[in-house]
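Each ligand, and each atom within it, is numbered from 1 in the order the structure gives. Heavy atoms only: backbone and side chains are in, while hydrogens, waters and symmetry mates are out. In this text the structure is predicted, and so the values were computed from the model without any measurement.
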Amino acid sequence: MGFEAAPNIALVKYWGMRDDRLVLPNNSSLSMTVSRLRTRTWVRFDPSLPADRFWLNDRPATAGPLQGAVDFLTVVREEADLSWFAEVRSRNNFPTASGLASSASGFAALAGAASIAAGLRLTPRELSRLARRGSGSASRSIFGGFVEWQAGHRTDGQDCYARPLFPPDHWPELRDVVVIIADAPEKHVRSSRAMQDTVRTSPAYAERIRTVPKRLAALRSALRTRAADRFLELVMEECDDFRRVCETTVPSLDYLTPASRGVLAAVLDLNRAAGHPIAGYTHDAGAHVHVFTFRPYVSKVRGRLRRIAGVADTRVLAPGPAARELRRRGG
Ligand code: PMV
């Protein structure tokens, strides 16, 4: 069975868990699912397999990615009361483990494909809850457009799932210029581990948890009313806060390269020159930077960012679609 899902970029980040087995976050988060990028995954449970097999981008996966898939398939087997191992084939049309959120689209697509193959017929909400167990941000990639993942309160995680806020066509002018950084280092510490280091050691974390709900409400409202300046300011404020808790983690988490920092500085320059915000940066746990802007400014913003040394490429994305089942092999 095949399933396709797109990555999402967090506008309000998930960073820190109250339960790391069930992946229950400390705060609600908000994201935009993107267009053009996607993961396609096929799963087959087979009684003759001696172990789970996972082909990632046509190569056998090993170590972390393999273990992540096996752990997730174990959750699916428990839910479906199934004992067979599975063969998983998954392909990304963008670089894996580079900060382009392949874990979000990866586990969303795996949740869809594995649940169907295991005979579970899940609603999108149930699928979001299941995808969360693989990678928190994957709970949001089940839906298209603008998505909120509510942290919930229950200890069993039943009220912890994502829901769509606004559809992909809500703000037709909005664009996400993804700035791909050359030689972006592969992640050496998984996000789930890194964020727990932040919770334990960053002196700025408690303040972040106090202030994030207010920022999330403000962002939801800026989105609803399509308040461009406010939206861009809030996106950057949140990114700066996320970076602050990462940098004050012991040992310090620094995901950016000099080129990434050059992009952040160039965005501030562009806004200063324009006299109001025309672009807003954000990044996740990786070196690439997402620069939000609006259609009339895309060529100006892109032209400026492309000139920065160490920028390999830029891709212009828009709000993208919900995850979906693929009817035929090959999609
Ligand atoms: O879903 P994970 O475990 O890869 O963690 C995602 C963490 C961030 O991307 C930094 C923030 C987010 O909300 O997506």
message: Taking only non-hydrogen atoms of Ser29, do any sit less than 4.0 angstrom from ligand 1?
response: no
message: With a 4.0 Å cut-off on heavy atoms, is Ser103 in contact with ligand 1?
response: yes
message: Checking the N or O distance criterion of under 3.5 Å, is ligand 1 in contact with Ser135?
response: yes
query: Looking at ligand 1, does any of its N/O atoms fall within less than 3.5 Å of an N/O of Asn8?
result: no
Partner residues of Ile209 under the side chain to side chain contact (heavy atoms under 4.5 Å, CB included) criterion, sequence neighbours left out: Asn26, Asn27, Tyr205
State the atoms of ligand 1, each with its element, that fall below the 4.0 Å cut-off from a heavy-atom position in [X].
X	value
Ala285	10 (C)
Trp15	7 (C), 10 (C)
Ala10	12 (C), 13 (O), 14 (O)
Met195	5 (O)

- request: Inspect the surroundings of CG in Asp169 and state if more than 12 heavy atoms from other residues, nucleotides or ligands are less than 6.0 Å away.
  value: yes
message: Under a 3.5 Å cutoff, is there a donor and acceptor pairing between the side chains of Asp254 and Ser252?
response: no
For residues 120-128, which side-chain N or O atoms pair as donor and acceptor with protein atoms under 3.5 Å away, sequence neighbours left out?
residue : atom : partner : partner atom : Å
Thr123  : OG1  : Glu126  : N            : 3.1
Thr123  : OG1  : Glu126  : OE1          : 3.4
Arg125  : NH1  : Tyr161  : OH           : 3.2
Glu126  : OE1  : Thr123  : N            : 2.8
Ser128  : OG   : Ser139  : O            : 3.0
Ser128  : OG   : Ala162  : N            : 2.9

- request: Mind telling me whether Trp15 and Tyr255 have parallel, tilted or perpendicular rings, with 30° and 60° as the class edges?
  value: perpendicular
query: Of Arg215, Arg243, Arg230, which is the lone residue that meets salt bridge (Lys or Arg N to Asp or Glu O under 4.0 Å) with Glu237?
result: Arg215
- request: Please report the closest heavy-atom contact between Ala109 and Ala5, naming both atoms and the distance.
  value: N-CB, 3.7 Å
statement: Note: heavy atom closest to atom 5 (O) of ligand 1, options Tyr255, Phe242, Tyr14, belongs to Tyr14
task: For ligand 1, note which part of Arg190 has a heavy atom under 4.0 Å away: side chain, backbone, both or neither.
output: neither
